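Positions are given from 1, in the same order as the sequence printed here. In this text, all values refer to a predicted model and were calculated from it rather than measured experimentally. Both ligands and their constituent atoms are indexed starting at 1 by order of listing.
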Amino acid sequence: MVYIKSKREIALMKVAGQAVADAFKTIKEVIKPGMTTMDIDQIVINTFIKHGCISAEKGYYGYPANACVSVNEELVHGIPSNKKILKEGDIVSVDLVASYQGYMADACRTFAVGKLSDRAEKLVKVTKDAFFEGLKQVKVGNYIGDISHAIQSYVENHGYNVTRDYTGHSIGTHMHEDPTIPNYGKAGTGMKIEEGMSLCIEPMVLEGKKDIRVLPDGWTAVSKDHKLTAHYENTVIVTSEGIEIITMYEGEE
Ligand code: MF3
Ligand code: CO
């Protein structure tokens with residue numbers, strides 16, 4: 001079931017989107033070696049509260065934290081812990097869903113801890129750029145498969161792989177609404193893009209093989225070959241003029 005959002009609903013989602021963006025802004029400023037992934041969870045919930053939001057992740061199918069914080073080989077759904085200490089050169093994906101009066105926005109950034117290796121730096125950049133390649137396809141009359149195809153081709157042309165186990169999605173009063181937006185697929189297939197759709201476009205990229213494994217905690221998905229992974233996501237509204245990204249902060253590149 002596809003929900004086309006009204007102006008009123010989009011306004012509420014934007015408040016959630018700014019809470020997410022503000023958390024990213026703070027994390028980018030303060031992230032450093034010696035911090036724990038639980039410290040990041042604390043920053044997130046404090047920021048959400050400031051914006052009148054709650055975390056939609058907490059309690060989602062029993063998820064135990066406010067944020068998903070996935071380090072290096074962890075692709076998605078890393079559970080914050082005060083035992084997990086960040087070190088120089090780590091890449092840390094922070095995937096957040098805020099809810100404002102029941103309306104949600106979802107985004108992810110992969111942050112650098114100190115100075116990165118060239119190898120990590122390149123993976124993070126290609127993952128982010130893949131989002132913007134997908135974004136170019138978001139226009140009324142195009143197909144969801146156009147986004148998927150653009151992301152997959154861009155990532156594979158750089159020698160990396162996209163996950164087959166997780167996808168992008170629409171969002172609103174539910175975290176996951178139709179349409180599903182895979183990071184792989186054929187152009188010209190799937191649902192037609194319409195004004196009022198809200199799309200979470202989220203390349204999840206593996207440096208090595210595409211296979212993942214879920215750790216015994218039941219959540220953390222890691223690359224089977226232990227190579228690096230990265231993730232970048234925004235919630236995007238399809239408008240009559242084009243698109244609007246609601247999960248970036250002012251001045252964010
Ligand atoms: N942000 C994730 C997504 O894009 C969902 C997180 S799963 C949760 O679907 F359990 F943490 F909520
Ligand atoms: Co998402």
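- Residue E250 qualifies as open at atom CD: its count of foreign heavy atoms under 6.0 Å is 12 or below.
- Listed by chain and residue number, nothing satisfies the salt bridge (charged side-chain N to carboxylate O under 4.0 Å, His left out) test with E73 (two or more places apart in sequence, or in another chain).
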In a simple table, one pair per line, please give the protein and ligand 1 atom names for every N or O pair closer than 3.5 Å, along with the distance.
unit_1, atom_1, unit_2, atom_2, d
ligand 1, 1 (N), E57, OE2, 3.3
ligand 1, 1 (N), D95, OD1, 3.0
ligand 1, 1 (N), D95, OD2, 3.0
ligand 1, 1 (N), D106, OD1, 3.4
ligand 1, 4 (O), D106, OD2, 2.9
ligand 1, 4 (O), H169, NE2, 3.2
ligand 1, 4 (O), E202, OE2, 3.1
ligand 1, 9 (O), H176, NE2, 2.4

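- When side chains are defined from C-beta on, I40 counts as touching I31, because their heavy atoms get closer than 4.5 Å.
- Ion pairing between E177 and K5 holds under the 4.0 Å rule for side-chain N and carboxylate O.
- Between F132 and Y232, the ring planes lie tilted relative to each other; the angle falls in the 30° to 60° range.
- Screening residues 81-90 for salt bridge (Lys or Arg N to Asp or Glu O under 4.0 Å), with sequence neighbours left out, gives E74-K84, K87-D90.
- The residues E252 and K28 are annotated as not salt-bridged, no charged nitrogen and carboxylate oxygen being separated by less than 4.0 angstrom.
- The local environment of OH in Y143 is sparse, with at most 12 non-hydrogen atoms from other residues, nucleotides or ligands closer than 6.0 Å.
- Between K122 and D118 there is no salt bridge, since no side-chain nitrogen of the basic residue lies less than 4.0 Å from a carboxylate oxygen of the acidic one.
- For a distance threshold of 2.8 Å, the protein N, O or S atoms nearer than that to the Co ion (ligand 2), listed by chain and number, are D106 OD2, H169 NE2, E202 OE2, E233 OE2.
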